[in-house]
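Every chain is numbered from 1 and lettered A, B, ... according to where its sequence line falls, protein lines coming before strand lines.
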Number of protein chains: 2
Amino acid sequence: MSATTDFEEAKDDFISQWGALGTSWGISRTMAQVHALLMISPDPLSTDQCMEELQISRGNAHTNLKELVGWGLIKIVVKKGERKEFFEAEKDVWKVFTIVLRERKRREIDPAVELLKGCVDRSKAVKTAEGKAFHEQMKELEEFAMFASKVGEKISHLKYGPAVKFADKFLGLLPKQKN
Amino acid sequence: MSATTDFEEAKDDFISQWGALGTSWGISRTMAQVHALLMISPDPLSTDQCMEELQISRGNAHTNLKELVGWGLIKIVVKKGERKEFFEAEKDVWKVFTIVLRERKRREIDPAVELLKGCVDRSKAVKTAEGKAFHEQMKELEEFAMFASKVGEKISHLKYGPAVKFADKFLGLLPKQKN
DNA sequence: CATTATTTTCAAAATATACTGAAAGTATCC
DNA sequence: GGATACTTTCAGTATATTTTGAAAATAATG
(Lines give C-alpha, C1' and ligand atoms only; values in the text may rest on other atoms or scores of the structure.)
Protein backbone atom coordinates (compact mmCIF):
# COMPACT_ATOMS: atom_id res chain seq x y z
CA MET A 1 0.00 0.00 0.00
CA SER A 2 1.67 3.19 -1.19
CA ALA A 3 1.99 6.41 0.74
CA THR A 4 0.38 8.23 -2.17
CA THR A 5 -2.71 6.05 -2.02
CA ASP A 6 -3.02 6.67 1.71
CA PHE A 7 -2.67 10.34 1.05
CA GLU A 8 -5.36 10.48 -1.63
CA GLU A 9 -7.63 8.52 0.64
CA ALA A 10 -6.96 10.86 3.52
CA LYS A 11 -7.79 13.89 1.38
CA ASP A 12 -11.12 12.43 0.25
CA ASP A 13 -11.87 11.42 3.79
CA PHE A 14 -11.11 14.82 5.11
CA ILE A 15 -13.39 16.53 2.63
CA SER A 16 -16.31 14.19 3.02
CA GLN A 17 -16.16 13.87 6.77
CA TRP A 18 -15.49 17.54 7.40
CA GLY A 19 -18.68 18.05 5.46
CA ALA A 20 -20.59 15.66 7.67
CA LEU A 21 -19.24 17.39 10.76
CA GLY A 22 -20.29 20.73 9.34
CA THR A 23 -23.89 19.69 9.85
CA SER A 24 -23.45 19.46 13.60
CA TRP A 25 -21.70 22.82 13.48
CA GLY A 26 -24.70 24.55 12.01
CA ILE A 27 -23.04 24.80 8.61
CA SER A 28 -24.45 23.04 5.60
CA ARG A 29 -22.68 19.94 4.42
CA THR A 30 -21.70 21.36 1.08
CA MET A 31 -20.44 24.59 2.56
CA ALA A 32 -18.17 22.65 4.89
CA GLN A 33 -16.97 20.45 2.05
CA VAL A 34 -16.13 23.40 -0.16
CA HIS A 35 -14.27 24.92 2.74
CA ALA A 36 -12.39 21.68 3.35
CA LEU A 37 -11.49 21.39 -0.31
CA LEU A 38 -10.08 24.90 -0.41
CA MET A 39 -8.26 24.47 2.89
CA ILE A 40 -6.19 21.65 1.49
CA SER A 41 -5.80 22.95 -2.03
CA PRO A 42 -2.32 24.31 -2.76
CA ASP A 43 -3.80 26.79 -5.23
CA PRO A 44 -6.98 28.83 -5.48
CA LEU A 45 -9.78 26.99 -7.28
CA SER A 46 -12.45 28.16 -9.69
CA THR A 47 -16.16 27.47 -9.35
CA ASP A 48 -15.84 24.82 -12.06
CA GLN A 49 -13.02 23.07 -10.29
CA CYS A 50 -15.08 22.91 -7.11
CA MET A 51 -18.03 21.52 -9.05
CA GLU A 52 -15.80 18.92 -10.61
CA GLU A 53 -14.05 17.85 -7.40
CA LEU A 54 -17.18 17.66 -5.27
CA GLN A 55 -19.59 16.60 -8.01
CA ILE A 56 -22.08 19.34 -7.29
CA SER A 57 -24.13 21.69 -9.44
CA ARG A 58 -23.07 25.17 -10.44
CA GLY A 59 -25.78 26.85 -8.42
CA ASN A 60 -24.81 24.93 -5.33
CA ALA A 61 -21.12 25.64 -5.76
CA HIS A 62 -21.81 29.29 -6.40
CA THR A 63 -24.08 29.79 -3.42
CA ASN A 64 -21.74 28.13 -0.99
CA LEU A 65 -18.65 29.87 -2.29
CA LYS A 66 -20.33 33.22 -1.88
CA GLU A 67 -21.58 32.28 1.57
CA LEU A 68 -18.04 31.36 2.59
CA VAL A 69 -16.80 34.68 1.25
CA GLY A 70 -19.50 36.32 3.35
CA TRP A 71 -18.22 34.59 6.45
CA GLY A 72 -14.69 35.65 5.58
CA LEU A 73 -13.47 32.07 5.48
CA ILE A 74 -12.37 32.27 1.86
CA LYS A 75 -11.57 35.10 -0.46
CA ILE A 76 -11.78 35.83 -4.14
CA VAL A 77 -8.54 35.85 -6.08
CA VAL A 78 -8.23 37.22 -9.58
CA LYS A 79 -5.52 35.66 -11.71
CA LYS A 80 -3.79 37.71 -14.37
CA GLY A 81 -5.12 37.01 -17.82
CA GLU A 82 -7.96 34.90 -16.44
CA ARG A 83 -11.50 36.04 -16.62
CA LYS A 84 -13.03 33.87 -13.96
CA GLU A 85 -12.80 34.16 -10.22
CA PHE A 86 -10.74 31.83 -8.08
CA PHE A 87 -11.20 31.15 -4.40
CA GLU A 88 -8.60 30.76 -1.70
CA ALA A 89 -9.19 29.65 1.88
CA GLU A 90 -7.89 31.18 5.05
CA LYS A 91 -5.60 28.44 6.33
CA ASP A 92 -4.57 29.81 9.69
CA VAL A 93 -6.41 27.63 12.17
CA TRP A 94 -6.78 30.26 14.87
CA LYS A 95 -8.17 32.76 12.37
CA VAL A 96 -10.68 30.24 11.11
CA PHE A 97 -11.70 29.55 14.68
CA THR A 98 -12.21 33.19 15.60
CA ILE A 99 -14.28 33.80 12.49
CA VAL A 100 -16.54 30.89 13.28
CA LEU A 101 -16.73 31.87 16.93
CA ARG A 102 -17.86 35.40 16.10
CA GLU A 103 -20.48 34.14 13.70
CA ARG A 104 -21.84 31.62 16.15
CA LYS A 105 -21.95 34.18 18.93
CA ARG A 106 -23.91 36.46 16.64
CA ARG A 107 -26.38 33.77 15.69
CA GLU A 108 -26.64 31.72 18.86
CA ILE A 109 -25.97 33.96 21.81
CA ASP A 110 -26.90 37.52 20.94
CA PRO A 111 -30.50 36.74 19.99
CA ALA A 112 -30.86 34.85 23.26
CA VAL A 113 -29.67 37.90 25.17
CA GLU A 114 -32.28 40.02 23.43
CA LEU A 115 -35.04 37.56 24.15
CA LEU A 116 -34.07 37.26 27.80
CA LYS A 117 -33.80 40.99 28.32
CA GLY A 118 -37.36 41.34 27.09
CA CYS A 119 -38.52 38.63 29.45
CA VAL A 120 -36.75 40.16 32.44
CA ASP A 121 -38.37 43.45 31.63
CA ARG A 122 -41.88 42.24 31.22
CA SER A 123 -41.81 40.28 34.47
CA LYS A 124 -40.42 43.06 36.66
CA ALA A 125 -43.74 44.16 38.07
CA VAL A 126 -45.39 40.82 38.73
CA LYS A 127 -46.26 40.06 42.31
CA THR A 128 -47.16 36.37 42.38
CA ALA A 129 -44.68 33.76 43.56
CA GLU A 130 -44.70 32.18 40.13
CA GLY A 131 -44.02 35.52 38.53
CA LYS A 132 -41.12 36.28 40.81
CA ALA A 133 -39.60 32.88 40.15
CA PHE A 134 -39.89 33.46 36.43
CA HIS A 135 -38.31 36.86 36.75
CA GLU A 136 -35.40 35.43 38.71
CA GLN A 137 -34.89 32.61 36.24
CA MET A 138 -34.85 35.03 33.32
CA LYS A 139 -32.41 37.29 35.14
CA GLU A 140 -30.01 34.45 35.78
CA LEU A 141 -30.20 33.28 32.20
CA GLU A 142 -29.76 36.78 30.87
CA GLU A 143 -26.78 37.41 33.10
CA PHE A 144 -25.16 34.21 31.97
CA ALA A 145 -25.86 34.75 28.29
CA MET A 146 -24.43 38.24 28.53
CA PHE A 147 -21.36 36.83 30.21
CA ALA A 148 -20.94 34.21 27.51
CA SER A 149 -21.34 36.87 24.86
CA LYS A 150 -18.57 38.95 26.38
CA VAL A 151 -16.26 35.99 26.75
CA GLY A 152 -16.84 35.06 23.12
CA GLU A 153 -16.21 38.61 22.01
CA LYS A 154 -12.95 38.86 23.91
CA ILE A 155 -11.61 35.50 22.86
CA SER A 156 -12.43 36.12 19.24
CA HIS A 157 -10.18 39.16 19.30
CA LEU A 158 -7.27 37.51 21.02
CA LYS A 159 -4.17 36.46 19.11
CA TYR A 160 -3.30 32.78 19.15
CA GLY A 161 -0.29 33.09 21.46
CA PRO A 162 -2.05 34.94 24.27
CA ALA A 163 -5.08 32.72 23.96
CA VAL A 164 -3.09 29.56 24.50
CA LYS A 165 -1.12 31.09 27.34
CA PHE A 166 -4.35 32.15 28.93
CA ALA A 167 -5.92 28.72 28.74
CA ASP A 168 -2.70 27.05 29.73
CA LYS A 169 -2.16 29.08 32.83
CA PHE A 170 -5.59 28.64 34.24
CA LEU A 171 -6.43 25.18 33.05
CA GLY A 172 -3.02 23.63 33.36
CA LEU A 173 -3.03 22.04 29.98
CA LEU A 174 -0.33 21.59 27.41
CA PRO A 175 2.99 20.16 28.59
CA LYS A 176 4.99 22.24 26.14
CA GLN A 177 3.62 24.79 23.72
CA LYS A 178 4.87 27.45 21.37
CA ASN A 179 3.71 30.89 22.50
CA MET B 1 -51.70 47.06 30.23
CA SER B 2 -51.46 44.81 33.28
CA ALA B 3 -48.31 43.27 34.66
CA THR B 4 -49.96 39.88 34.49
CA THR B 5 -50.61 40.21 30.77
CA ASP B 6 -47.02 41.20 30.17
CA PHE B 7 -45.93 38.23 32.20
CA GLU B 8 -48.08 35.73 30.31
CA GLU B 9 -46.82 37.19 27.07
CA ALA B 10 -43.22 36.92 28.23
CA LYS B 11 -43.69 33.28 29.16
CA ASP B 12 -45.14 32.40 25.76
CA ASP B 13 -42.42 34.36 24.08
CA PHE B 14 -39.72 32.64 26.04
CA ILE B 15 -41.01 29.19 25.15
CA SER B 16 -41.53 29.84 21.48
CA GLN B 17 -38.35 31.76 20.87
CA TRP B 18 -36.18 29.52 22.99
CA GLY B 19 -37.42 26.80 20.69
CA ALA B 20 -36.44 28.74 17.60
CA LEU B 21 -33.01 29.34 19.07
CA GLY B 22 -32.65 25.67 19.83
CA THR B 23 -32.43 25.04 16.12
CA SER B 24 -29.23 27.05 15.82
CA TRP B 25 -27.95 25.18 18.86
CA GLY B 26 -28.23 21.82 17.15
CA ILE B 27 -31.27 20.94 19.26
CA SER B 28 -34.66 20.35 17.71
CA ARG B 29 -37.24 23.07 18.12
CA THR B 30 -39.62 20.95 20.13
CA MET B 31 -36.91 19.68 22.43
CA ALA B 32 -35.88 23.23 23.21
CA GLN B 33 -39.50 24.26 23.77
CA VAL B 34 -40.16 21.41 26.16
CA HIS B 35 -37.01 22.33 28.02
CA ALA B 36 -38.07 25.99 28.17
CA LEU B 37 -41.51 25.05 29.42
CA LEU B 38 -40.09 22.93 32.21
CA MET B 39 -37.48 25.53 33.11
CA ILE B 40 -40.14 28.06 33.95
CA SER B 41 -42.69 25.70 35.41
CA PRO B 42 -42.93 25.94 39.20
CA ASP B 43 -43.88 22.27 39.38
CA PRO B 44 -42.97 19.14 37.49
CA LEU B 45 -45.23 18.48 34.51
CA SER B 46 -46.66 15.30 33.04
CA THR B 47 -46.46 14.27 29.41
CA ASP B 48 -50.09 15.30 28.97
CA GLN B 49 -49.49 18.72 30.41
CA CYS B 50 -46.61 19.26 28.00
CA MET B 51 -48.77 18.12 25.10
CA GLU B 52 -51.48 20.52 26.16
CA GLU B 53 -49.24 23.53 26.71
CA LEU B 54 -47.25 23.16 23.53
CA GLN B 55 -49.99 21.67 21.37
CA ILE B 56 -47.94 18.70 20.27
CA SER B 57 -48.65 15.01 19.87
CA ARG B 58 -48.04 12.37 22.49
CA GLY B 59 -45.30 10.72 20.47
CA ASN B 60 -43.49 13.97 20.00
CA ALA B 61 -43.77 14.94 23.65
CA HIS B 62 -42.63 11.52 24.75
CA THR B 63 -39.63 11.37 22.46
CA ASN B 64 -38.38 14.79 23.40
CA LEU B 65 -38.92 14.32 27.11
CA LYS B 66 -36.93 11.11 27.03
CA GLU B 67 -34.22 12.76 24.96
CA LEU B 68 -33.96 15.55 27.52
CA VAL B 69 -33.71 12.97 30.27
CA GLY B 70 -30.92 11.36 28.26
CA TRP B 71 -29.04 14.62 28.14
CA GLY B 72 -29.55 15.06 31.86
CA LEU B 73 -31.36 18.35 31.41
CA ILE B 74 -34.55 17.14 33.04
CA LYS B 75 -35.37 14.31 35.39
CA ILE B 76 -38.28 12.07 36.11
CA VAL B 77 -40.20 12.72 39.27
CA VAL B 78 -42.72 10.31 40.72
CA LYS B 79 -45.45 11.88 42.79
CA LYS B 80 -46.97 9.99 45.67
CA GLY B 81 -50.29 8.46 44.77
CA GLU B 82 -49.85 9.34 41.10
CA ARG B 83 -49.24 6.72 38.54
CA LYS B 84 -47.80 8.79 35.77
CA GLU B 85 -44.37 10.29 35.43
CA PHE B 86 -43.66 13.96 35.91
CA PHE B 87 -40.69 15.85 34.61
CA GLU B 88 -38.65 18.52 36.28
CA ALA B 89 -35.92 20.65 34.71
CA GLU B 90 -32.51 21.43 36.03
CA LYS B 91 -32.78 25.14 36.65
CA ASP B 92 -29.25 26.02 37.64
CA VAL B 93 -27.93 27.93 34.67
CA TRP B 94 -24.31 26.90 35.05
CA LYS B 95 -25.28 23.23 35.33
CA VAL B 96 -27.38 23.50 32.18
CA PHE B 97 -24.46 25.11 30.43
CA THR B 98 -21.94 22.44 31.42
CA ILE B 99 -24.29 19.68 30.35
CA VAL B 100 -24.77 21.23 26.94
CA LEU B 101 -21.07 21.97 26.63
CA ARG B 102 -20.12 18.36 27.31
CA GLU B 103 -22.65 17.07 24.84
CA ARG B 104 -21.55 19.46 22.12
CA LYS B 105 -17.90 18.63 22.68
CA ARG B 106 -18.75 14.96 22.33
CA ARG B 107 -20.67 15.49 19.12
CA GLU B 108 -18.78 18.34 17.48
CA ILE B 109 -15.17 18.22 18.57
CA ASP B 110 -14.26 14.66 19.44
CA PRO B 111 -15.21 13.20 16.05
CA ALA B 112 -13.16 15.93 14.39
CA VAL B 113 -10.14 14.96 16.47
CA GLU B 114 -10.53 11.35 15.34
CA LEU B 115 -10.83 12.33 11.70
CA LEU B 116 -7.82 14.59 11.87
CA LYS B 117 -5.65 12.05 13.63
CA GLY B 118 -6.34 9.62 10.83
CA CYS B 119 -5.41 12.23 8.23
CA VAL B 120 -2.17 13.15 10.00
CA ASP B 121 -1.28 9.51 10.15
CA ARG B 122 -1.97 8.67 6.55
CA SER B 123 0.02 11.62 5.25
CA LYS B 124 3.13 11.05 7.33
CA ALA B 125 5.11 9.32 4.64
CA VAL B 126 4.27 11.45 1.62
CA LYS B 127 7.19 13.18 -0.05
CA THR B 128 5.61 15.67 -2.46
CA ALA B 129 5.28 19.34 -1.57
CA GLU B 130 1.51 19.08 -1.73
CA GLY B 131 1.57 16.08 0.56
CA LYS B 132 3.75 17.80 3.10
CA ALA B 133 1.52 20.86 3.09
CA PHE B 134 -1.52 18.65 3.67
CA HIS B 135 0.24 16.87 6.50
CA GLU B 136 1.10 20.17 8.17
CA GLN B 137 -2.40 21.51 7.78
CA MET B 138 -3.88 18.38 9.32
CA LYS B 139 -1.39 18.53 12.17
CA GLU B 140 -2.31 22.10 12.98
CA LEU B 141 -6.00 21.37 12.86
CA GLU B 142 -5.61 18.28 14.98
CA GLU B 143 -3.54 20.12 17.56
CA PHE B 144 -6.11 22.84 17.79
CA ALA B 145 -9.08 20.50 17.98
CA MET B 146 -7.36 18.55 20.72
CA PHE B 147 -6.73 21.77 22.57
CA ALA B 148 -10.35 22.82 22.23
CA SER B 149 -11.46 19.43 23.45
CA LYS B 150 -9.34 19.74 26.58
CA VAL B 151 -10.53 23.27 27.28
CA GLY B 152 -14.13 22.15 26.93
CA GLU B 153 -13.53 19.22 29.22
CA LYS B 154 -11.95 21.35 31.91
CA ILE B 155 -14.51 24.11 31.80
CA SER B 156 -17.38 21.68 31.94
CA HIS B 157 -16.07 20.40 35.24
CA LEU B 158 -15.49 23.78 36.80
CA LYS B 159 -17.84 25.24 39.37
CA TYR B 160 -19.54 28.52 38.49
CA GLY B 161 -17.58 30.69 40.90
CA PRO B 162 -14.11 29.66 39.76
CA ALA B 163 -15.17 29.85 36.13
CA VAL B 164 -16.27 33.45 36.44
CA LYS B 165 -13.20 34.41 38.44
CA PHE B 166 -11.06 32.81 35.80
CA ALA B 167 -12.70 34.60 32.93
CA ASP B 168 -12.72 37.84 34.83
CA LYS B 169 -9.07 37.72 35.71
CA PHE B 170 -7.83 37.05 32.22
CA LEU B 171 -10.37 38.79 30.14
CA GLY B 172 -11.06 41.74 32.37
CA LEU B 173 -14.80 41.48 32.21
CA LEU B 174 -17.44 42.12 34.78
CA PRO B 175 -17.17 45.32 36.81
CA LYS B 176 -18.59 43.68 39.91
CA GLN B 177 -19.50 40.03 40.24
CA LYS B 178 -20.49 37.59 42.95
CA ASN B 179 -17.87 34.88 43.27
C1' DC C 1 -22.44 46.69 -30.35
C1' DA C 2 -22.52 41.84 -31.07
C1' DT C 3 -20.35 37.83 -29.26
C1' DT C 4 -18.74 35.08 -25.77
C1' DA C 5 -17.41 34.10 -20.94
C1' DT C 6 -18.85 34.15 -16.45
C1' DT C 7 -21.85 34.98 -12.54
C1' DT C 8 -26.28 35.08 -10.38
C1' DT C 9 -30.94 33.78 -9.50
C1' DC C 10 -34.76 30.88 -8.58
C1' DA C 11 -38.68 27.54 -9.43
C1' DA C 12 -38.98 22.84 -9.21
C1' DA C 13 -37.13 18.39 -7.47
C1' DA C 14 -34.71 15.78 -4.14
C1' DT C 15 -33.44 14.88 0.36
C1' DA C 16 -33.30 15.14 5.26
C1' DT C 17 -35.64 15.94 9.49
C1' DA C 18 -39.48 16.23 12.61
C1' DC C 19 -44.29 15.09 13.95
C1' DT C 20 -48.62 12.59 14.28
C1' DG C 21 -51.67 9.24 15.84
C1' DA C 22 -52.93 4.91 16.56
C1' DA C 23 -51.57 0.38 17.91
C1' DA C 24 -48.64 -2.46 20.73
C1' DG C 25 -46.33 -2.96 25.02
C1' DT C 26 -45.95 -2.54 30.31
C1' DA C 27 -47.05 -1.68 34.73
C1' DT C 28 -50.41 -1.11 38.38
C1' DC C 29 -54.70 -1.87 40.58
C1' DC C 30 -58.59 -4.38 42.45
C1' DG D 1 -56.19 -12.31 35.80
C1' DG D 2 -58.92 -8.85 33.79
C1' DA D 3 -59.41 -3.97 33.60
C1' DT D 4 -57.35 0.36 33.58
C1' DA D 5 -53.60 3.80 33.30
C1' DC D 6 -49.77 4.95 31.29
C1' DT D 7 -45.56 4.47 28.17
C1' DT D 8 -43.28 3.30 23.99
C1' DT D 9 -42.82 2.50 19.19
C1' DC D 10 -43.08 3.40 14.39
C1' DA D 11 -45.10 3.66 9.61
C1' DG D 12 -46.93 7.27 7.30
C1' DT D 13 -47.28 12.25 6.70
C1' DA D 14 -45.82 16.86 6.93
C1' DT D 15 -42.36 20.31 7.04
C1' DA D 16 -37.95 22.31 6.33
C1' DT D 17 -33.70 22.38 4.04
C1' DT D 18 -30.66 21.65 0.28
C1' DT D 19 -29.65 20.94 -4.51
C1' DT D 20 -30.26 21.10 -9.37
C1' DG D 21 -30.24 23.04 -13.83
C1' DA D 22 -31.52 26.11 -16.93
C1' DA D 23 -32.58 30.89 -17.89
C1' DA D 24 -31.55 35.75 -16.93
C1' DA D 25 -28.23 39.15 -15.81
C1' DT D 26 -23.75 41.04 -16.02
C1' DA D 27 -19.10 41.76 -17.56
C1' DA D 28 -15.28 41.42 -20.77
C1' DT D 29 -13.57 41.11 -25.54
C1' DG D 30 -12.68 42.40 -30.18
Take the protein atom [atom1] of [X] and the nucleotide atom [atom2] of [N], then report the distance between them rounded to whole Å.
| X | N | atom1 | atom2 | answer |
| --- | --- | --- | --- | --- |
| A:L65 | C:dT6 | CG | P | 15 Å |
| A:F86 | C:dT7 | CZ | C1' | 14 Å |
| B:N64 | C:dC19 | CG | C1' | 9 Å |

Out of curiosity, does [Y] fall in the hydrophobic cluster containing [X] (side-chain heavy atoms, cut-off under 4.5 Å, transitive links)?
| X | Y | answer |
| --- | --- | --- |
| A:V100 | A:I15 | yes |
| A:L101 | B:L101 | yes |
| A:V113 | A:V120 | no |
| A:W25 | A:M39 | yes |

When the axes are fitted on five pairs at both termini, how much does the helix from C:dC1-D:dG30 to C:dC30-D:dG1 curve, in 10° steps?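 Roughly 20°, once rounded to the nearest ten degrees.
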
Scan residues 37-58 of chain B for pairs that pass side-chain hydrogen bond (donor to acceptor under 3.5 Å, both in side chains), counting only residues two or more places apart or in two chains.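 Non-adjacent pairs meeting side-chain hydrogen bond (donor to acceptor under 3.5 Å, both in side chains): B:S46-B:Q49, B:D48-B:R58.
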
Before you tell me yes or no, could you show the steps for B:F144 and A:V96 under side chain to side chain contact (heavy atoms under 4.5 Å, CB included), namely the whole-Å CA-CA distance, both residues' side-chain angles and the distance that decides it to 0.1 Å? CA-CA 11 Å; B:F144 182 77; A:V96 170; over 6 Å; no

Is the closest side-chain heavy-atom distance between B:D110 and B:K105 below 4.5 Å?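 Side chain of B:D110 against side chain of B:K105, heavy atoms only: contact under 4.5 Å found.
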
May I ask you to say whether B:R106 pairs ionically with B:E103, meaning some side-chain N is under 4.0 Å from a carboxylate O?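 Looking at B:E103 together with B:R106, the answer is yes, because their closest N to O distance falls below 4.0 Å.
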
Output yes when B:E136 and B:K139 qualify as a salt bridge under the 4.0 Å nitrogen-oxygen rule, no when they do not.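 A salt bridge links B:E136 with B:K139.
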
Strictly by salt bridge (Lys or Arg N to Asp or Glu O under 4.0 Å), give each pair with a member in residues 73-87 of chain B just once, sequence neighbours left out.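 As it turns out, the salt bridge (Lys or Arg N to Asp or Glu O under 4.0 Å) pairs with a partner in residues 73-87 of chain B, which skip direct neighbours, are B:K66-B:E85.
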
Per the salt bridge (Lys or Arg N to Asp or Glu O under 4.0 Å) rule, what does the pair list look like for residues 116-132 of chain A, sequence neighbours excluded?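 Residue pairs with at least one partner in residues 116-132 of chain A: A:D121-A:K124, A:R122-B:E9, A:R122-B:D13, A:E130-B:K11.
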
Would you mind writing out the side-chain donor-acceptor pairs for residues 27-34 of chain A within the sub-3.5 Å range, not counting sequence neighbours?
unit_1: A:S28; atom_1: OG; unit_2: A:M31; atom_2: N; d: 3.3

Which residues, if any, of residues 32-43 of chain A bring a heavy atom under 4.0 Å of DNA chain C?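 The stretch gives none, as no residue of it lies under 4.0 Å from the strand.
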
Near-strand residues of residues 46-55 of chain A, defined as heavy-atom separation under 4.0 angstrom from DNA chain C: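 Residues of residues 46-55 of chain A under 4.0 Å from DNA chain C: none.
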
Working note: A:T98 + A:H157, criterion side chain to side chain contact (heavy atoms under 4.5 Å, CB included); need CA distance, chi angles, decisive distance, verdict. CA-CA 7 Å; A:T98 57; A:H157 287 104; over 6 Å; no

Minimum-distance pair of heavy atoms, taken over all atoms of B:S149 and B:I109: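 In terms of heavy atoms, the two residues are closest at CB-CG2, 3.8 Å.
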
Heavy-atom pair with the smallest gap, counting every atom of A:A36 and A:W18: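 Smallest heavy-atom distance, with atoms named: CB-CD1, 3.6 Å.
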
Just do the side chain to side chain contact (heavy atoms under 4.5 Å, CB included) check on A:F14 and B:L141 with the steps written out, would you? CA-CA 11 Å; A:F14 175 64; B:L141 278 170; 3.9 Å; yes

Parallel, tilted or perpendicular: ring planes of B:Y160 versus B:W94, cut at 30 and 60 degrees: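 B:Y160 vs B:W94 ring planes: tilted.
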
Only counting residues at least two apart or in another chain, list the ones meeting ring pair (Phe, Tyr, Trp, His ring centres under 6.0 Å) with B:F86.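 Here no residue qualifies.
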
How would nucleotides 9-14 of chain C be written as a contact map, 5' to 3', with B for base contact, S for sugar-phosphate-only contact and - for no contact, using protein heavy atoms under 4.0 Å? B-----

How does each nucleotide of nucleotides 25-30 of chain C score, in 5' to 3' order, for protein heavy atoms under 4.0 Å: base (B), sugar-phosphate only (S), or none (-)? --BBS-

Under the criterion side-chain contact (heavy atoms from CB on, under 4.5 Å), which of A:I74, A:V77, A:L37, A:L65 is the partner of A:L45?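 Filter result, single survivor: A:L37.
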
Within residues 14-31 of chain B, residues whose heavy atoms come under 4.0 Å of DNA chain D: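 Within this stretch, nothing sits under 4.0 Å of the strand.
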
Chain B footprint on DNA chain D, 5' to 3' - any atom under 4.0 Å from a heavy atom: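 In short, chain B contacts DNA chain D from D:dT4 to D:dT9.
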
Working note: A:M138 + A:L116, criterion side chain to side chain contact (heavy atoms under 4.5 Å, CB included); need CA distance, chi angles, decisive distance, verdict. CA-CA 6 Å; A:M138 291 301 108; A:L116 294 165; 3.9 Å; yes

